[in-house]
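Accompanying notes for the structure given below.
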Amino acid sequence: MTASSLLEEISDVGRDPKRGGYSRHAFDAAEIELRAWFVERAGRLGLGVETDRNGNIWAWWGTPGPDAVVTGSHLDSVPGGGAFDGPLGVASALDAVEILQNKGFRPAKPFAVVVFAEEEGGRFGVPCLGSRLLTGTIDADKARGLRDPDGVTFAEAAAKSGLDPERVGRDSERLGLIGRFLELHVEQGRGLIDLGSPIAVGNTVIAHGRWRFSFQGQGNHAGATLIGDRRDPMIPAAETVLAVRKLAKATSDARATVGRLVPVPGGTNVIASTVDLWLDARVPGTATPELVAEIAKLAEEAAGQEGCRVEVTRESYSDDVIFDDALRRDLGTWLGGPPELPTGAGHDAAILAGFVPSGMLYVRNPTGISHSPEEFSEADDVDHGARALADILEKLST
């Protein structure tokens, strides 16, 4: 078993015939199949598997206990995502355990592989939901009330999957077991191909968040309503999309994206009554909320000019994250001095970093494309990353 062969085992799960790539979301059929795959694979390695009250899966090598060395990632994807984002870290963790077992190693510290739930936020809109619930960085009532595009709440989906929705939320006892956490992930952005290295150590994650802009106007007939008589929320929504690009371009190192826009009722010959769009904004330091405030001001002006109104709701936000200095130095030393890279992508490791020493490894992605069917990593690099992870885990758990 290698990490690359494990990824091949699940290569047909959750394929999206419409978008291309994969659509695997929390508690849907594809993600449940992947969960079962992980449980079966962990069982073959003799790991003891349990699901915590927030839907995260833990596979323990030996007896659970404090000061545990924990590694893992997630199995869900964005809509139409690639094959590596999430599953690479899980497959590499399983491979690393087998590598260590085959050489006769047994950890002196508690050791676990974890699969976090709903990391991408592809179903319920909040990224890193499983790790946010674990750490208490999202209110449990808010999480229970989150709805997917079909109106199903997180509480309903969790209950259908066998969880007790009343018990979701901060899990101090389990969080207290983690001594150090390490996540391996495919590189997101182009860096390693130009640096000539198959792996890198993560140093920072830039501040980022998601906001929903809900424009409300007047639904009406597309043919019978004169232009001057319209209150069309699509107009200020469109102007906001353009403002996002313009303002982000004028802000140093900013990334701002509207990747989802939903008109209601959505008919070709109907003026929409409401238009919701979601803004993903990421700026290093403290400037993300400032950028969003500028965008919101222009959205309000555009809505007013069309006789509409807009409501802006923050759905998630995380400040800049700097990974643990001591762990980062150790990773660099043990791996022979690989490059260190910042990232604009969010990760469960970044959520945990506020509570336990956490770190990240990246595996080379030659094009830098991610959150897309074109996401890619060579099999040799994938397996190199798993071997590097095994070396590190051996040192951490000795």
Side-chain angles (χ1 to χ4, degrees), residues 42 45 47-48 50 52 54 56-74 86 88-90 92-97 99-101 105-116 119 128 130-137 170-185 199-205 318 320-338 340-343 346-363 385-398:
L45 295 171
L47 308 184
E50 59 179 344
D52 70 19
N54 294 307
N56 307 309
I57 310 174
W58 298 75
W60 289 92
W61 187 359
T63 304
D67 197 27
V69 174
V70 181
T71 187
S73 193
H74 61 98
L88 173 60
V90 175
S92 297
L94 291 172
D95 187 10
V97 169
I99 290 170
L100 294 175
Q101 289 180 346
F105 176 78
R106 292 295 179 268
K109 296 181 179 180
F111 184 109
V113 177
V114 64
V115 175
F116 284 108
E119 193 271 353
C128 301
S131 54
R132 288 181 192 273
L133 284 167
L134 170 69
T135 56
T137 49
R170 182 180 170 90
D171 191 342
S172 298
E173 181 178 356
R174 186 168 296 271
L175 182 61
L177 296 180
I178 305 173
R180 279 178 283 188
F181 177 72
L182 181 62
E183 181 173 4
L184 180 146
H185 205 279
I199 56 174
V201 174
N203 52 22
T204 59
V205 175
S318 299
D320 274 353
V321 172
I322 301 175
F323 289 115
D324 184 77
D325 284 338
L327 179 56
R328 196 170 73 245
R329 286 195 299 270
D330 285 342
L331 295 177
T333 299
W334 295 337
L335 294 174
E340 286 195 5
L341 292 179
T343 183
H347 299 286
D348 291 306
I351 302 299
L352 291 177
F355 301 86
V356 299
S358 301
M360 293 220 43
L361 295 177
Y362 300 120
V363 173
R387 292 191 297 271
L389 179 63
D391 290 342
I392 292 166
L393 295 173
E394 180 176 3
K395 291 178 171 63
L396 289 175
S397 55
T398 297

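Excluded from the calculations below are hydrogen atoms, water molecules and symmetry mates; all remaining heavy atoms, backbone and side chain alike, are included.
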Side-chain contact, heavy-atom cut-off 4.5 Å: [X] with [Y]?
X: Trp58; Y: Val70; result: yes
X: Leu331; Y: Phe323; result: no
X: Leu396; Y: Thr71; result: no
X: Cys128; Y: Phe116; result: no

Return the set of residues passing side chain to side chain contact (heavy atoms under 4.5 Å, CB included) with [X] (not counting sequence neighbours), or none when no residue passes.
X: Ala326; result: Asp324, Arg329
X: Thr137; result: Arg132, Thr135, Ile351, Phe355
X: Pro107; result: Trp61, Phe105, Phe111, Ser397
X: Thr204; result: Ile322, Pro342

Set of residues satisfying salt bridge (charged side-chain N to carboxylate O under 4.0 Å, His left out) with respect to [X], sequence neighbours excluded:
X: Lys395; result: none
X: Arg174; result: Glu50, Asp171
X: Asp320; result: none
X: Arg328; result: Asp325, Glu340

Locate the shortest heavy-atom distance separating [X] from [Y]; write the atom from each residue and the value.
X: Ser73; Y: Gly89; value: CB-CA, 3.9 Å
X: Pro338; Y: Gly332; value: CD-O, 3.5 Å
X: Ala386; Y: Ala96; value: O-CB, 3.9 Å
X: Pro110; Y: Pro64; value: CB-C, 4.4 Å
X: Ser92; Y: Leu184; value: OG-CD2, 3.6 Å
X: Gly130; Y: Asn56; value: O-ND2, 3.2 Å

*Could you give all pairs that pass the salt bridge (charged side-chain N to carboxylate O under 4.0 Å, His left out) test and reach residues 57-71, with sequence neighbours left out?*
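Qualifying pairs: Asp67-Lys109.
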
*Check side-chain hydrogen bond (donor to acceptor under 3.5 Å, both in side chains) between Asn54 and all other residues, then give those that pass, not counting sequence neighbours.*
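Here no residue qualifies.
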
*Does Ser131 have any side-chain hydrogen bond (donor to acceptor under 3.5 Å, both in side chains) partners at least two apart in sequence or in another chain, and if so, which?*
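Testing Ser131 for side-chain hydrogen bond (donor to acceptor under 3.5 Å, both in side chains), a comparison that skips the adjacent residues, returns Asp348.
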
Got a list of side-chain donor-acceptor pairs under 3.5 Å for residues 387-394, not counting sequence neighbours?
from: Glu394; atom 1: OE1; to: Lys103; atom 2: NZ; distance (Å): 3.0

*Tell me, with the steps shown, if Val201 and Leu361 meet side-chain contact (heavy atoms from CB on, under 4.5 Å).*
CA-CA 5 Å; Val201 174; Leu361 295 177; 4.0 Å; yes

_His347 backbone acceptor or donor facing Glu183 side chain under 3.5 Å_ =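 Side chain of Glu183 to backbone of His347: no pair is present.
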
